[in-house]
Amino acid sequence: MKIAIIGTGNVAKSIGESVSKNNEVVYGSRNPEEAKQKIPGANITTIEEAAKSADMIVLAVPYLAAKEAIHEMKKAEEGKILIDVTNPLGKDSRWEKGFSESGAEEISKHAKGAKVVKAFNTIFAENMKSGQLGSNKLTTFIAGDDEDAKAKVMELARSMNMEPVDVGPLEKARYIEPAGLLLIELGYGKKLGTGIGINLVGAPQAPAQAEAQSPEQPQQ
Ligand SMILES: NC(=O)c1ccc[n+]([C@@H]2O[C@H](COP(=O)([O-])OP(=O)(O)OC[C@H]3O[C@@H](n4cnc5c(N)ncnc54)[C@H](OP(=O)(O)O)[C@@H]3O)[C@@H](O)[C@H]2O)c1
């Protein structure tokens, strides 16, 4: 799969490093030449070209820059999976939303025709590379209206060593986004640092794993 990562910051680099093991990665930047110094050796182009050339797009820009970044895609996102990793922080780094709409739903209104899936926002960039802390896989909560798109993002998360949990339609991003803010508050506000994360205990195994270990299935 060819994956476009929009942005060249901390999250973009970590996701890029992880998914490039199994996929082709292209970064979309406002200033590709400058960004090449931030990620040496990476394939970096304009936001439009990156989105156009990819099968799947990861939006890894600040929440307040999301609308502009989508505009820069010039409709190349139409029909494609668009993973929204943003945490809806305002100018003063405070919570920008109420509970009657999520950032992801707002983004889907700008990216009309894209299959928007919320994912990865509750995992600190530093931990996205390995997908785990100690021996615990990190949980990534997934929301989206297109079941096939969501299944593909869950598969991508598993390939990144994370444990995806399907929360439901995109509207459920209203619950996932505050969890991202909780992590930020604990990591930075309470100074626990970024070596923390969420591991949902007691959840049934992901279908793919459950199937693989089902007694009806022949032993591998
Ligand atoms: N950091 C984390 O641990 C973490 C974890 C989960 C989710 N998130 C979310 O992921 C997103 C990216 O976070 P990040 O930590 O990677 O941020 P970052 O290091 O500041 O990088 C953001 C990137 O977005 C691009 N961008 C496009 N428009 C921009 C604008 N108007 N202002 C600034 N940058 C702009 C920039 O790339 P170009 O200059 O190349 O265009 C920049 O490198 C945010 O929405 C954040 O809430 C962050």
Side-chain angles (χ1 to χ4, degrees), residues 4-19 25-51 57-74 77 82-97 102-108 110-111 116-133 138-143 153 156-157 160 162 164 173 176-189 191-198:
I5 302 179
I6 310 303
T8 55
N10 296 314
V11 168
K13 278 190 277 184
S14 289
I15 292 181
E17 193 177 313
S18 180
V19 302
V25 170
V26 57
Y27 294 88
S29 171
R30 294 167 298 171
N31 189 336
E33 286 314 309
E34 224 172 73
K36 280 175 187 166
Q37 286 157 29
K38 287 199 273 180
I39 318 179
N43 179 9
I44 308 180
T45 180
T46 62
I47 293 172
E48 182 184 3
E49 284 306 316
I57 303 165
V58 180
L59 189 61
V61 303
Y63 166 71
L64 292 180
K67 184 179 166 187
E68 193 187 323
I70 292 164
H71 181 72
E72 281 306 307
M73 291 179 204
K74 311 250 167 71
E77 77 281 8
L82 180 70
I83 304 179
D84 167 29
V85 308
T86 68
N87 277 312
L89 296 171
K91 280 198 180 107
D92 54 1
S93 290
R94 282 175 184 270
W95 180 239
E96 237 340 67
K97 307 302 291 182
S102 60
E105 289 166 276
E106 189 190 337
I107 281 170
S108 78
H110 295 304
V116 176
V117 177
K118 188 88 203 178
F120 308 134
N121 67 299
T122 57
I123 298 179
F124 281 118
E126 290 83 345
N127 308 324
M128 288 178 181
K129 289 181 212 166
S130 67
Q132 62 186 78
L133 280 170
L138 289 166
T139 299
T140 178
F141 300 104
I142 313 278
V153 175
L156 184 74
M160 296 166 75
M162 298 169 185
I176 302 175
E177 289 172 357
L181 273 288
L182 173 66
L183 261 282
I184 293 169
E185 182 59 28
L186 292 174
Y188 294 103
K191 302 196 187 333
L192 297 184
T194 55
I196 57 170
I198 298 175

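Counting starts at 1 for both ligands and their atoms, in listed order. Numbers for residues simply follow the sequence, beginning at 1.
Contacts of Thr194 with ligand 1, taken as heavy-atom pairs under 4.0 Å, are absent altogether. With a 4.0 Å cut-off on non-hydrogen atoms, Glu34 does not touch ligand 1 at all. Heavy atoms from both the backbone and the side chain of Phe124 come within less than 4.0 Å of ligand 1. Counting heavy atoms under 4.0 Å from ligand 1, residue Pro62 touches it through both backbone and side chain.
Summary of contacts: the protein heavy atom closest to atom 46 (C) of ligand 1 is Asn87 N, 4.0 Å. The protein heavy-atom contact nearest to atom 21 (O) of ligand 1 is Gly9 CA, 3.3 Å. Among all non-hydrogen protein atoms, the one lying nearest atom 11 (C) of ligand 1 is Val61 O, 3.4 Å. Scanning the protein for heavy atoms near atom 17 (O) of ligand 1, the closest one is Asn10 N, 4.6 Å.
Taking the side chain as every heavy atom from C-beta outward, Thr122 and Thr139 never approach each other to under 4.5 Å. Counting heavy atoms from C-beta on, the side chains of Ile107 and Lys118 never come closer than 4.5 Å. Between Leu156 and Ile83 there is a side-chain heavy-atom pair separated by less than 4.5 Å.
Looking at Glu106 and Lys97, a side-chain N of the basic residue comes within less than 4.0 Å of a carboxylate O on the acidic one, giving a salt bridge.
In this model, no donor atom of one side chain and acceptor atom of the other lie less than 3.5 Å apart for Glu49 and Thr46.
Under a 4.0 Å criterion applied to the non-hydrogen atoms of Ser29, ligand 1 contributes the atoms 38 (P), 40 (O), 41 (O). Counting the atoms of ligand 1 from 1 in the order shown, those under 4.0 Å from a heavy atom of Lys38 are 39 (O), 43 (O). Near Tyr63, the atoms of ligand 1 lying under 4.0 angstrom from a non-hydrogen atom of the residue are 45 (O). Of all atoms in ligand 1, numbered sequentially from 1 with element shown, those under 4.0 Å from a heavy atom of Ala65 are 28 (N), 29 (C), 30 (C), 31 (N).
Contact analysis puts Asn121 in contact with ligand 1, with a non-hydrogen atom separation below 4.0 angstrom. Ligand 1 is approached by Val85 to a heavy-atom distance shorter than 4.0 Å. Assignment of Glu68 to the shell around ligand 1 is not supported, since no heavy atom sits closer than 4.0 Å.
Within the 4.0 Å cut-off (strictly below), a protein heavy atom is located near atom 31 (N) of ligand 1.
Taking all heavy atoms of Arg30, Lys13, Glu126 into account, the minimum distance to atom 35 (C) of ligand 1 is reached by Arg30. With atom 12 (C) of ligand 1 as the reference point, the heavy atom nearest to it among Ala60, Ala119, Gly103, Ala125 is part of Ala60. With atom 13 (O) of ligand 1 as the reference point, the heavy atom nearest to it among Val11, Asp84, Ile123 is part of Val11.
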With side chain to side chain contact (heavy atoms under 4.5 Å, CB included) as the criterion, how do Ile70 and Leu59 come out once you've worked through the C-alpha distance, each side chain's angles and the decisive distance to 0.1 Å?
CA-CA 9 Å; Ile70 292 164; Leu59 189 61; 4.2 Å; yes

So Phe141 and Asn121, side chain to side chain contact (heavy atoms under 4.5 Å, CB included) or not? Walk me through it.
CA-CA 8 Å; Phe141 300 104; Asn121 67 299; 5.9 Å; no

Does the side chain to side chain contact (heavy atoms under 4.5 Å, CB included) test come out yes or no for Leu138 and Met160, once each step is laid out?
CA-CA 10 Å; Leu138 289 166; Met160 296 166 75; over 6 Å; no

Please evaluate residues Glu72 and Arg30 with respect to the criterion side chain to side chain contact (heavy atoms under 4.5 Å, CB included), reporting the C-alpha separation (whole Å), side-chain torsions for both, the decisive distance (0.1 Å), and the verdict.
CA-CA 9 Å; Glu72 281 306 307; Arg30 294 167 298 171; over 6 Å; no

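Side-chain N or O atoms of Asn87 include none that pairs as donor or acceptor with a backbone N or O of Leu89 at under 3.5 Å.
Within a 6.0 Å radius of NZ in Lys36, other residues, nucleotides and ligands contribute more than 12 heavy atoms.
Residues that satisfy the side-chain hydrogen bond (donor to acceptor under 3.5 Å, both in side chains) test with Asn31, not counting sequence neighbours, are Glu34.
Between Ala12 and ligand 1, not a single N/O pair is under 3.5 Å apart.
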